[in-house]
**Student:** 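My questions will all concern the structure given below.
First the proteins, then the strands, lettered A, B, ... as listed; each starts at 1. The structure presented is a predicted model; accordingly, all values stated were derived computationally and were not measured. The figures here come from the full heavy-atom set of this structure, side chains too, leaving out hydrogens, waters and symmetry mates.
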Amino acid sequence: MDFNHKLISWYSDKKRELPWRETSNPYYIWLSEIILQQTQVKQGLPYYNAFITQYPTIFDLANASETSILKLWQGLGYYSRARNLHFTAKHIVNELNGKFPDTYNDLLKLKGVGDYTASAIASIAFNEVAAVVDGNVYRVLSRYFGIETPINSTLGIKEFKSLASTLIDLHQPATYNQAIMEFGAIQCKPKNPDCSVCPFQDSCVALQNQMVDVLPVKLKKTKVTVKYFNFLVFMDPNKKTLFEKRTKKGIWQHLYQFPLIESEKSLTPEEFHLLNFEDYVLKQETLDYSLYNEADIVHKLSHQHLHTKFWIIDVAELPEEAILIKTLTKYPSPVLISEFIDNFSF
DNA sequence: AAGGCGGGGGG
DNA sequence: CCCCCAGCCTT
């Protein structure tokens, strides 16, 4: 029995039942693939269900506001996925007459759709022979064939895509693609896979050369930078506060937060007192403030560690754009902020 | 070619 | 503490 047949046999026996496997609607397939980019099934599943409930068709998604889509996406991370999701829904509805692109080449033109996602939608929704290469596929192929080329090098990306394209089952590309990814997720796991129950024990190069734990090879790690965030939680007598949309390029674009002052180090109350708040409130002799968290809250992103302090500031008057504190949770915000809102007793 | 972009979970 | 996850975009 060859690689394909063993793999698909394993899949028909062990696969999980997942909602996006019960449909061939390209809108649902696309939605699931965007949600699952760099995201485990367990984490993405509730978001998928929420999205198809709130936006049953691509027209519903196209007609929604970006803010409401980001709110539903809140907590999932990589928020450009949600912004591109909205952009592409509008594009398909308004420019493509609501007809979902149905080939790899046309899917690849969509914003937020790269080689992997175009291949996944083309094969799963339209049965096109297009090989997917995700983190699971890299791992399965590098181990099974004993390939030591770094998976994130230019050569490795080409090499694994090429190999995957020679392996894909020409008669059932949808099943084959999902099978190899599921196999990587459930059996050929990153850490401590149970090779004693693997159907490829007698043919896996990595297993026979005791290289399972060193494959796949991956180049370098991202260096982490440390930042110091001071969030200004204003409170006025009308139970209002300031909450702003992040418009600049970096993290959390288009999400909302309390006014932020970044500092070179963690500030003491004395140092904080010397800051200038004239951007937010009228100059006052005495500013009545307190510190929510004595020790920094350290919020860890992939390549930034955010040492954070929340400063509670009572003021007599706030600018026009202040919003009611009880409406804070209607806005999409980073987990760091939403957890503060949930925990602080306003 | 390299770096930026989240948050959760596992070992 | 580290690495990984149904990757993509920008520079």
Side-chain angles (χ1 to χ4, degrees), chain A residues 15-16 18 20-21 29-48 70 73-85 87-88 107-125 130-140 150-158 160-161 164 174 176-186 188-193 213-214 216-225 227 246 248-255 298-306 332-339:
Chain A
K15 69 175 175 183
R16 294 166 289 185
L18 298 169
W20 47 85
R21 289 187 178 149
I29 305 291
W30 167 62
L31 182 57
S32 72
E33 293 299 343
I34 301 300
I35 288 174
L36 292 173
Q37 287 169 5
Q38 294 291 284
T39 303
Q40 299 196 151
V41 166
K42 183 165 57 171
Q43 188 188 4
L45 185 53
Y47 286 85
Y48 174 82
L70 282 170
W73 197 272
Q74 179 177 301
L76 199 52
Y78 287 144
Y79 296 94
S80 65
R81 291 183 292 172
R83 300 194 307 271
N84 290 336
L85 195 73
F87 179 95
T88 293
L107 289 161
L108 195 54
K109 297 171 184 167
L110 302 176
K111 191 168 290 188
V113 174
D115 179 80
Y116 163 76
T117 305
S119 302
I121 300 172
S123 62
I124 296 170
V132 294
V133 185
D134 72 336
N136 293 305
V137 176
Y138 281 121
R139 188 170 53 256
V140 172
I151 60 172
N152 56 344
S153 65
T154 303
L155 178 61
I157 292 169
K158 277 179 56 183
F160 282 95
K161 177 73 178 182
Y176 172 85
N177 273 343
Q178 293 180 87
I180 192 169
M181 290 190 286
E182 189 80 338
F183 183 77
I186 293 179
C188 199
K189 298 184 296 184
K191 301 291 182 185
N192 304 323
D213 57 337
V214 300
V217 175
K218 202 169 180 178
L219 294 173
K220 65 175 172 284
K221 36 240 154 199
T222 57
K223 66 161 192 252
V224 175
T225 62
K227 292 185 175 178
R246 291 180 66 97
K248 282 183 276 196
K249 271 201 332 179
I251 58 172
W252 303 329
Q253 193 177 30
H254 295 187
L255 273 63
V298 182
H299 188 74
K300 295 181 177 180
L301 309 180
S302 301
H303 51 290
Q304 290 184 31
H305 287 185
L306 310 176
S333 63
V335 164
L336 174 62
I337 304 292
S338 63
E339 284 185 346

**Student:** Atom CG of A:D115 to atom C1' of C:dC9: distance rounded to whole Å?
**Tutor:**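 About 14 Å, once rounded to whole Å.
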**Student:** May I ask you to decide if A:Q74's main-chain N or O and A:Y47's side chain share a donor-acceptor pair within less than 3.5 Å?
**Tutor:** yes
**Student:** Donor-acceptor pair, A:S338 side chain versus A:S333 backbone, under 3.5 Å?
**Tutor:**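 Checking the backbone N and O of A:S333 against the side chain of A:S338, no donor-acceptor pair under 3.5 Å is found.
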**Student:** So A:S302, base contact, sugar-phosphate only, or nothing? Heavy-atom distance under 4.0 Å.
**Tutor:** base
**Student:** A:H299 side chain N/O closer than 4.0 Å to the phosphate oxygens (OP1, OP2) of B:dG7?
**Tutor:** yes
**Student:** Does a side-chain N or O of A:K249 approach OP1 or OP2 of C:dT11 to a distance below 4.0 Å, or not?
**Tutor:**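 For C:dT11, OP1 or OP2 has a side-chain N or O of A:K249 closer than 4.0 Å.
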**Student:** Please work out if A:V132 contacts a base, only the sugar-phosphate, or nothing of the nucleic acid, heavy-atom cut-off 4.0 Å.
**Tutor:**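 A:V132: no heavy atom of the nucleic acid under 4.0 Å.
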**Student:** If you check every side-chain atom of A:Q304, which of B:dG7, C:dC8, B:dC5 has the closest atom?
**Tutor:** B:dC5
**Student:** Contact class for A:Q253 vs. all strands (heavy atom < 4.0 Å): base, sugar-phosphate, or nothing?
**Tutor:** nothing
**Student:** Regarding A:R21, tell me which of base, sugar-phosphate or nothing describes its non-hydrogen contacts under 4.0 Å with the strands shown.
**Tutor:**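 Touches a base.
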**Student:** Looking at C:dG7, I'd like to know if its phosphate oxygens (OP1 or OP2) sit under 4.0 Å from a side-chain N or O belonging to A:Q37.
**Tutor:**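 So the side chain of A:Q37 is outside the cut-off, no N or O lying under 4.0 Å from OP1 or OP2 of C:dG7.
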**Student:** Give A:G184 one of three labels, base, sugar-phosphate or nothing, depending on what nucleic acid heavy atoms sit under 4.0 Å from its own.
**Tutor:** nothing
**Student:** Using a 4.0 Å heavy-atom cut-off, does A:K189 contact any base of the nucleic acid, only the sugar-phosphate backbone, or nothing at all?
**Tutor:** nothing
**Student:** Does C:dC5 have OP1 or OP2 under 4.0 Å away from a side-chain N or O of A:R139?
**Tutor:** yes
**Student:** If you check every side-chain atom of A:Q38, which of B:dG9, C:dA6, C:dG7 has the closest atom?
**Tutor:** C:dG7
**Student:** Under 4.0 Å between any heavy atoms, over every strand shown, what does A:W73 touch: base, sugar-phosphate, or nothing? Just pick one.
**Tutor:**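 A:W73: no heavy atom of the nucleic acid under 4.0 Å.
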**Student:** Does A:H303 make a side-chain N or O approach to OP1 or OP2 of B:dG3 shorter than 4.0 Å?
**Tutor:**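 So the side-chain polar atoms of A:H303 never come under 4.0 Å of the phosphate oxygens OP1 or OP2 of B:dG3.
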**Student:** On a whole-Å scale, what distance lies between the P atoms belonging to C:dT11 and B:dG6?
**Tutor:**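 Going atom to atom, P in each nucleotide, I get 15 Å.
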**Student:** Can you tell me which nucleotide in C:dA6, C:dC9, B:dA1 comes closest to the side chain of A:K111?
**Tutor:** C:dC9
**Student:** Can you tell me if A:Y116 and A:E33 form a side-chain donor-acceptor pair at under 3.5 Å?
**Tutor:** yes
**Student:** State which of C:dC8, B:dA1, B:dG8 makes the closest approach to the side chain of A:Q43.
**Tutor:**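 Of all the options, the side chain of A:Q43 is nearest to B:dG8.
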**Student:** So, does the side chain of A:T117 form a donor-acceptor pair with the base of C:dG7 at under 3.5 Å?
**Tutor:**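 No pair found.
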**Student:** Side chain of A:N84: nearest nucleotide among C:dC9, C:dA6, B:dG7?
**Tutor:** C:dC9
**Student:** Heavy atoms only, 4.0 Å cut-off, all strands: where does A:I34 land among base, sugar-phosphate and nothing?
**Tutor:**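 Nothing, no nucleic acid heavy atom in range.
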**Student:** Is there a side-chain contact between A:S80 and the phosphate of C:dC9, meaning an N or O under 4.0 Å from OP1 or OP2?
**Tutor:**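 Answer is no, no contact under 4.0 Å.
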**Student:** So does A:Y138 get a side-chain nitrogen or oxygen closer than 4.0 Å to the phosphate oxygens (OP1/OP2) of C:dC5?
**Tutor:** no
**Student:** Compare side-chain N and O positions of A:K300 against OP1 and OP2 of C:dC1 and report whether any pair is under 4.0 Å apart.
**Tutor:** yes
**Student:** Looking at every strand, decide which applies to A:N192 at a 4.0 Å heavy-atom threshold: base, sugar-phosphate, or nothing.
**Tutor:**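 Since only primed, P, OP1 and OP2 atoms lie under 4.0 Å of A:N192, the category is sugar-phosphate.
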**Student:** Of the candidate nucleotides C:dC4, B:dG6, C:dC1, which contains the atom at the shortest distance from the side chain of A:Y79?
**Tutor:**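 Selected nucleotide (nearest to the side chain): B:dG6.
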**Student:** If we count only N and O atoms by modelled type, under 3.5 Å, do the side chains of A:Q253 and A:R83 hold a donor and an acceptor together?
**Tutor:**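 There is such a pair (donor and acceptor under 3.5 Å, judged by atom type) between the side chains of A:Q253 and A:R83.
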**Student:** Let's see if you can work this out: which of B:dG3, C:dC4, B:dA1 has an atom nearest to the side-chain heavy atoms of A:T154?
**Tutor:**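 Within the option list, the nearest is B:dA1.
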